[in-house]
Visitor: 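The structure under discussion is supplied below as structure tokens; questions concerning it will follow.
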Amino acid sequence: MIFDLHCHSTASDGVLAPRELVIRAAQQGVDVLALTDHDELGGLAEAAEAANEAGIRLVAGVEISVSWAGRTVHVVGLSVDPLNPVLMDGLRANRSGRLERAQRMADSLAGVGIPGALHGARLLASNPELISRTHFARFLVASGRVKDVKTVFKKFLVRGKPGYVPHQWASLADAVGWIRQAGGVAVLAHPGRYEMGKEKMSLLFEEFKAVGGTAVEVVTGSHTADQVPIYADYACRYGLRASAGSDFHAPGEGGRELGRLQPLPSGCVPVWLNW
Ligand code: AMP
Ligand code: MN
Ligand code: MN
Ligand code: MN
């Protein structure tokens with residue numbers, strides 16, 4: 001069975017519509033797919049219908065942006081009720097600051113001689129409530145200023161670089177709480193991407209566990225092969241289950257293809273164990 005429990009559609013910063021994404025996942029041999037758009041549940045109904053037709057299982061998911069100790073971390077919710085009002089309200093609040101943030105990002109880029117970025121990013125964002133850094137990155141590539149999206153995230157849009165602006169997202173406790181109130185399980189996304197030392201990482205795991213987190217992404221398109229056993233160890237140490245997801249966004253953008261994931265290391269308890 002191939003599980004891919006993290007990916008994005010046009011409801012957030014993916015380039016495939018939910019239906020196309022599900023069809024692609026089925027073609028790649030995925031048996032169980034979770035659609036986990038950033039701060040948004042709007043793609044799930046279409047994805048569920050397409051999954052029915054394609055004969056694969058769709059898990060209703062979401063990836064919530066969280067501010068923790070002055071940084072941004074992501075928490076994936078799996079098997080959530082997409083109509084739960086607590087989750088819907090929380091996500092709406094998280095989305096509501098994005099346009100004003102995008103304006104500040106565009107102002108910052110204009111300050112280094114790159115005008116028109118908000119307009120450019122908006123044209124690329126199918127969901128007007130969900131303008132993300134990815135849309136700015138694609139604008140910078142499409143306008144010929146940077147060769148690819150990966151390079152954008154080295155030179156722009158990250159802390160200390162043009163186009164980066166600080167932003168306040170949901171708290172860790174709130175994000176996990178919304179997921180649980182919607183009947184889901186909370187998964188700490190791609191910890192290997194967070195640039196923090198071991199002490200801070202341990203604090204993050206402790207707090208995640210304490211507020212009701214259930215699992216951590218051990219195998220993800222954001223982890224190198226070396227990082228997989230490291231986060232398998234964290235999962236064991238903190239009594240967390242292990243998840244796996246590609247974090248697929250777009251064909252040919254340099255990220256992991258749907259379903260192309262190594263098995264979980266032995267000793268991990270899969271988040272899907274009793275599904
Ligand atoms: P935002 O939620 O607007 O801050 O955008 C976050 C998104 O930017 C992530 O979900 C990724 O899609 C993208 N992103 C962040 N860092 C990178 C990176 N180093 N390479 C490619 N995409 C990235
Ligand atoms: Mn993304
Ligand atoms: Mn993420
Ligand atoms: Mn993601």
Visitor: Classify the side-chain pair Thr214/Arg241 by whether it contains a donor and acceptor separated by less than 3.5 Å.
Guide: no

Visitor: Cluster partners of Ile114, using ILVMFWY side-chain heavy atoms under 4.5 angstrom, listed by chain and number?
Guide: Leu99, Met105, Leu109, Val112, Leu118, Leu124, Ile131, Phe136, Phe139, Leu140, Val141, Val146, Val149, Val152, Phe153, Phe156, Leu157, Val158, Val165

Visitor: Pairing donors with acceptors under 3.5 angstrom, does anything connect the side chains of Asp4 and Ser246?
Guide: yes

Visitor: Okay, side chain of Thr151, backbone of Lys147: is any donor-acceptor separation there less than 3.5 Å?
Guide: no

Visitor: Is any NZ, NE, NH1 or NH2 atom of the basic residue among Arg92 and Asp89 found under 4.0 Å from an Asp or Glu carboxylate oxygen of the other?
Guide: yes

Visitor: Classify the angle between the aromatic ring planes of Tyr234 and Tyr231 as parallel (below 30°), tilted (30 to 60°) or perpendicular (above 60°).
Guide: parallel

Visitor: Could you tell me whether the side chains of Glu40 and Asn127 share a donor-acceptor contact shorter than 3.5 Å?
Guide: yes

Visitor: May I ask you to say whether Arg24 pairs ionically with Glu257, meaning some side-chain N is under 4.0 Å from a carboxylate O?
Guide: yes

Visitor: Ring centres under 6.0 Å, that's the criterion: do His190 and His74 meet it?
Guide: yes

Visitor: What class does the angle between the rings of Trp272 and Phe3 fall in, given that below 30° is parallel, 30 to 60° is tilted and above 60° is perpendicular?
Guide: parallel

Visitor: Should Glu253 and Lys150 count as an ion pair when the cut-off is N to O under 4.0 Å?
Guide: no

Visitor: Is it true that Asp148 and Arg138 make a salt bridge, defined as a side-chain N closer than 4.0 Å to a carboxylate O?
Guide: no

Visitor: Which hydrophobic side chains are connected to Trp169, either touching it within the sub-4.5 Å cutoff or through other members that do?
Guide: none

Visitor: Taking the ring of His8 and the ring of Phe248, is the distance between their centroids below 6.0 Å?
Guide: no

